[in-house]
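In what follows, a single structure is set out as C-alpha cells and then discussed.
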Amino acid sequence: MKHFAGERRRARELAVQVLFHLEYSDDDPSEAFRLICENFEVAESITDFSWQLIRGVCDKKTTLDKVIRRSSKHWRLERMTRLDRSILRLATYEVMFLEDIPPRVSLDEAVEIGNKFGGEDSSRYINGVLDNVYNTMGAEIDAEIDLGAETISIEPKESDNTGNGDMKYNPLELEPRWQAHWEKQGLFKAEEDPLKEKYYLLEMFPYPSGKIHIGHVRNYTIGDVVARYKRMCGKNVLHPMGWDAFGMPAENAAIENNTHPARWTYDNIDAMRIQLKRMGFSYDWDRELATCDPEYYRWEQLVFLQMYEKGLAYRKKTHVNWCEKCQTVLANEQVEEGCCWRHPEQEVSIKEMNSWFLKITDYADDMLAYCEKLPGWPDRVMSMQKNWIGKSHGAAIRFPMVGAEDAIEVFTTRQDTLFGATFMCLAPEHPMVKEIIKGLPQEKEVFDFVDRTLKMDSFMRTADFTAKEGVFTGRHCLNPVTREEIPIFVANFVLFDYGTGAIMAVPTHDQRDFEFARKYGLKLRVVIKPEDSDLDETKMTEAYVDQGILVNSGPFNGQRNLAALDSIADYLENKGIGHKTVNFRIRDWGISRQRYWGAPIPMIHCEKCGIVPVPEKDLPVVLPLDLELRPNGGSPLPFEPSFFETTCPKCNGNARRETDTMDTFVESSWYFDRYACPDYKEGPLDAKRVDYWLPVDQYIGGIEHAILHLLYSRFYTRVLNDLGHISIKEPFTHLLTQGMVCKATQECPEHGYLFPKEVVEGRCSRCGAEVIDGNIVKMSKSKKNVVDPQELIDRYGADTVRMFCLFASPPDKDLEWSEQGVDGSYRFLQRVWRLVSDHLEDLKKVTAHDGGPELTEPVKSVHRKTHETIKKVTSDIENRFHFNTAISAVMELVNETNQFLNADGQKDAVDWSVVRKAIETAILLLSPLVPHITDELWQMLGHKDFLLNVSWPTYHEAALITEKKLIILQVNGKVRNRIEVSASSSDKELEALALADEKIQRFLKGKSIKRVIVVQKKLVNVVV
RNA sequence: GCGAGAGUGGCGGAACUGGUAGACGCGCUGGAUUUAGGAUCCAGUGGGGUGACCUGUAGGGGUUCGAGUCCCCUCUCUCGCACCA
C-alpha cells in the first residue's frame, strides 16, 4: 500500500526525457542536463523515486562523473555542481540517517555511530540524539563525550517545577498505563451480536516498512476517533488491523541486509505493532492478519482456482522484453539501447510471453453502473474510477482488404466521419502487420519500423515530444461506404491496447490525422462543414473538429453530424459492414509477477495435459522459505527444483509448477472480508460472520489508492459474490480519503535541503548561510522534511499527536505540519488537565448537574454552552468528520468554564455541579480524540468505567433556550447595530425597536423607508 | 486537451438550508507574575482613519432587501487521465 501513481508517472516522464536526450544527442549530454536543471524543482518534488531513476539512467549511460565533466563544457558549471551535490546529499542521507541507525538509540550507541562517521557530521548527529534524550526523558544528563578532536559536554537540565508532582499532566507515564489497562480488559474485542447494530470501520492496512510514518498516524487517528465515537453511540464496532506483507521492498531489503524477506517482514510487523499500540488505537488485535501467512493466501489460491474454473482467470500471451542471459522478463525501463541493462552485450528480444490475467473487464459495466449508487464516496474518486474504466459508445467497422479475403476491424466513436476516412493506421503490434507485408518490397522497411518502435520505452513512445511517425505497408483496404481504396500505414501512435489496435484516419476532422496526412502527402476529404460556411480541404490549416452538417456522406448529407451518429451505425449494421459497440479503456488485470515474495499461483504445467490447476486438497502451495535469494534480485523460484518439480495431478507424469507469484494487490482486495473471520478454517470466508460485518461501513485511506486498490477490491468483491462466498457486491459503503501531511522545506543556497537539526537560528549549521524557507510539500525523505512520529510521541505523548492531526485541518484536506501547532495542542490538553486538577476537591463534592432547578446567569450560560457544545460536536463528527471544528467547540467550552471559575464571587454547590457537568462533558466529547488523558481525568473525578463504555452525551433542547436574543439591525443590508431583545418579541415589536434605535435613526435621516424585512429572531433590515 | 476540486487575515482554518465574515488555534504586540523561560494569566490583533465611519472573502458582471455562500464570464492553483481513435 504505497506508491503514488501520478508521481511515479511524472518521475518516469522526466527520466525518459533525460534518457531520450542522452540517446539522441550523440556525445553531448548537456541537453539532458539542461532538462534536469530546468526541472530541478519538479525533479526533487517527485520524491526519491525520480532520483533513483535519474541516477539509474545516469549510471547506466555512463557514470555520473563523466557526464558532469563532459557537459560542464556545454552548460553552466554552477548548475552542475548543484545537481551533483544534491545527488550526493541524497545518497549520504539515505546511508547515514535511514539505514544504519535504529529509530531510537542510547547515548552509548550514538557515540559509537557518531565516531564511525567522524568529524562534523558526528557531532551534529550526537547533538540531535542528545536533544531527543533530553526532551523525552527530561533526564538529568551529565556527560562528556569524546569525539576524538571534539569534546561535547552536556549540562544537566533542571526539571520542571509546577508544584505538586503527582497532579502534573504526565502523558508519558499515564498513556502506557492506560494502554496496558485496556489491553488487559480486552476492551476492543469485537463479537458478533445480532441484537446490536454493527459498524465496521476500517483504515487501509499498512505495508510493514519498519516504522510508522506520520501519514499512518493521521489515517489511523481519524479512524480511531470514529471507531470510539460509534462505540460510545452504542454500535457494535469492528475495528481491525493487519499487514499488507508481501511485496518487493522486503526482497530488496533482504538482499541488502543479508536476511530473509520473511524475517525482515515479521520483524517490521513486530516493531510497528508496538508503535500502533503506543498510539492508543482501539484495534481488536485478535483479528490481526498478515497477507504473507499461508493461512491467508491459501484461500486466495482457492479463489484463484475457482476463478480459473469460471474462466475469470486465464493465461494470455503478451509482448514483453526478454533477456536470454537473465532468463527473465525485463520491464521497459530495464532495456537500454535495445540491450539488457545488466548485460550490455545481450540484445533484448521481444517475446510474446504468457501471463495470468483476471477478467476485470467482465465487470467493467457493472462497476461503472454502481458508481452512481455509491453516494458515500467522494466525487473525485468516483470520477477517477469512471475515467479509468473509460466506457465509450461507438461502432466497430470492418474495412475489407484489397486483394485478400479478410478485413481489418476498427473501433470508432466518430462513425459520422466514416465517409472522410482516407487512410488507415495499424499499431505496430497488430498481428496483421506481419501477414500483409509478406513478400512486398516494403517488407523490410516496415519490419524495421515495427522493431524500432517496439523496442522504445513505452513512455518514450507515447511522450509528447516523440514525433508521430508511420510507414506505408504497401497494401490497401476499402473504405466500406465510399468503396474507395485507401492506403494502410503502420503508425507509432496507434495503441494496440485500445480498441482493436487499428484506426480509420479522418484527416479533415482529427488534428492528429491531419498532421499525419500532411506529413505523408495523403488525401483529405471534408465530410462535416460549419453551418454557415464551407470548408476547402486544400486550404485547411488544421482539422475541423466542431460539430456541423454532413457533406460528401452519401445518404446522410445535410444531417447534423451528432444526430446522425445513431442512424449511421444502424446503416452499417444493415449493410453488414459493422455494428454498434461499446469499448472500455480498462484492460484485464495482469497479476503475474516474476517475484519471490508473493503468493504462488496454484497452477501446474504438464507437457501432456497443458495447464492443470493444483487440486484443492493440495492447497496451500506454500512459498518455500528455506532458499537463497538471488543477488540480482530475480525470483529464485524458477531455480529451485524442490519447489517447481512436481507431478501432474491428471496424468501423474513429471510436471512443472508455475513459478510466478500474484500481484500483491490481490491480497489487499479481500483482506477486509477476512477480518470478519480470520481464524476460519473451512474456506476463505465464514458466510455467517461475513454477512454480519460486511460491507465496511466506513473505509479510510489515502487518495493514492483511488484507482488501483479500490477498483480491484470492487472487482474482487463481485467475483466473491459470483462464487458464492459473499452476499455483497460493493465492499465499502462510505469512503474517506484523507489528505497528505505536508511541511515546509528548508534550504541552504550552498548545501541544498536541510534537516531541521542542520538549521541553527535560521542559518545553515555548516556554512552559516541564511536558510530559505521552501515550499510546503508532502513529507519525503529527499526533502528532509519528514517528521518521525515516534519522536513526537516520546516527547509529547500520543494524545497530543492525535490532537494535532485532528485539529490542524479537516481530514480530507492536506495537513501542514507545524511545531507550534503541536505545542498548541499540548497546551490545550494541559489546560483541560488543570481545569480538573486545580478544582478537584470542589468538583468531588458534587455530582454533575442534570436538569434540576432553574439556573440564573452567569452559571446558566455555562450550562447552555455545555449543551450547545454537545450538539455541535456530535453533528461535526457524525455528519462530516470535521474534528477540527469539534475540537474548537470543546475549546470554547473549556475557555468559558475557566472564565466562569476565574470570575469573582463565591461558587455554591449548584454552580459546582454545573461546572462538573461542563467538565465531564468536555471529557466525554474529547475521549474519542484523546483517549488516555480523558480516561485518567474521568477516573480522577471518581468514575470507574472506561469512557469507551460510557454513552455518548446527549443535549437537552430546553437547555439551549435563551431569554435574550441578539438581533442584527441593518440599513440597506449593511449592519448598523446589534441589540439584545427578549426572545419572545414578535416580528412587529422587533420592527418597532429597530426603527426606534438611535443608530438606525441616524442612517434613516432624510430618507424614506421603502420596506422593512424582519427575519424571525435574527435580523431586521430597513430598506430606504 | 478532457475530467474533478479549490481560491477567505501574517499562518492553519471557521461561517448549518443566502442573514453579525474571520469561530478555534498558531504567530505577533502590550501588560502582569517570575531568578529565568519555549511556563502561566490579562488585553489587543483583516486593512484604512484621531474619530464617526469607510473598506474587505482571486477578478468582473448578475439575481436579491441582503451574496464568502446562488447564476454567468475571466484568472490562478492543485489533483487525476491523456496520441482513447
Side-chain angles (χ1 to χ4, degrees), chain A residues 4-6 9 158 160-162 378-388 390 392 394 410-414 417 421 425 461-464 466 468 491-495 497-506 510-513 515-516 545 583-585 703-704 706-707 740 744 776 804 807-810 812-825 827-828 830-831 834 872 875-876 879-880 882 884-892 894-895 898 902 966-978 999 1002 1010-1016 1018-1024:
Chain A
F4 208 111
R9 205 167 54 83
E158 300 252 331
D160 259 19
N161 57 334
T162 30
D379 292 346
R380 195 147 77 107
V381 177
M382 271 320 23
S383 87
M384 277 160 81
Q385 293 226 337
K386 283 183 205 164
N387 215 323
W388 186 265
S392 41
V410 303
F411 169 76
T412 182
T413 55
R414 292 298 304 275
T417 62
C425 293
R461 196 177 138 195
T462 57
D464 306 345
T466 304
K468 284 145 195 57
N492 62 353
F493 65 86
V494 180
L495 304 174
D497 266 355
Y498 186 78
T500 61
I503 61 163
M504 64 175 207
V506 185
D510 180 293
Q511 186 57 28
R512 193 189 45 212
D513 294 349
E515 282 164 26
F516 195 86
V545 294
N583 190 60
F584 289 95
R585 203 188 79 103
I703 185 75
E704 64 268 30
I707 296 181
M740 296 180 297
I776 294 157
F804 177 72
F807 183 56
S809 74
D812 52 331
K813 290 208 184 147
D814 286 354
L815 181 153
E816 189 201 327
W817 194 265
S818 105
E819 297 299 327
Q820 287 102 341
V822 181
D823 279 338
S825 298
R827 277 206 292 269
F828 171 67
Q830 273 184 313
R831 223 157 58 230
R834 280 199 306 270
K872 167 96 177 123
S875 99
D876 278 351
N879 301 333
R880 33 178 221 172
H882 276 203
N884 54 336
T885 50
I887 291 171
S888 44
V890 180
M891 283 173 168
E892 284 183 50
V894 170
N895 291 348
N898 247 327
N902 291 339
L966 190 70
I967 302 295
I968 309 303
L969 303 184
Q970 296 182 327
V971 176
N972 282 346
K974 290 195 171 170
V975 179
R976 294 306 178 185
N977 202 6
R978 310 155 191 188
K999 279 199 179 172
R1002 252 204 332 258
K1010 264 199 202 156
R1011 237 172 110 184
V1012 178
I1013 287 147
V1014 181
V1015 181
Q1016 243 191 353
K1018 235 182 198 169
L1019 161 150
V1020 180
N1021 188 11
V1022 184
V1023 188
V1024 293

Determine the contact category for [X]: base if any of its heavy atoms lies under 4.0 Å from a base atom, sugar-phosphate if only primed atoms, P, OP1 or OP2 are that close, otherwise nothing.
X       : answer
A/V975  : sugar-phosphate
A/N1021 : base
A/N583  : nothing
A/R512  : base
A/T413  : sugar-phosphate
A/K974  : sugar-phosphate
A/P810  : sugar-phosphate

* Taking the six-membered ring for Trp, are A/F807 and A/F828 ring centroids under 6.0 Å apart? ->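 No, too far apart.
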When you measure from the side chain of [X], which nucleotide among [options] comes out closest?
X      : options             : answer
A/R976 : B/C41, B/C53, B/C83 : B/C53
A/Q970 : B/C11, B/G19, B/G3  : B/G19
A/T885 : B/A52, B/C11, B/A15 : B/A15
A/S809 : B/A23, B/G13, B/G19 : B/G13
A/R585 : B/A85, B/A82, B/G80 : B/A82

* To do: Would you please enumerate the stems RNA chain B participates in, each stem being three or more consecutive Watson-Crick or G-U wobble pairs with both distances under 3.5 Å?
  =>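 Stem list for RNA chain B: B:1-7 with B:75-81, B:10-12 with B:24-26, B:27-32 with B:40-45, B:46-48 with B:53-55, B:58-62 with B:70-74.
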In this structure, how many angstroms lie between the [atom2] atom of [N] and the [atom1] atom of [X], rounded?
X      : N     : atom1 : atom2 : answer
A/R834 : B/C41 : CZ    : P     : 5 Å
A/W817 : B/G12 : CH2   : C1'   : 13 Å
A/N879 : B/U17 : CG    : P     : 11 Å
A/H882 : B/A23 : NE2   : P     : 18 Å
A/E892 : B/A14 : CD    : C1'   : 10 Å

* To do: Verify the contact: side-chain N or O of A/N884 to OP1 or OP2 of B/A14, cut-off strictly under 4.0 Å; return yes or no.
  =>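 So the side-chain polar atoms of A/N884 do come within 4.0 Å of the phosphate oxygens OP1 or OP2 of B/A14, strictly under.
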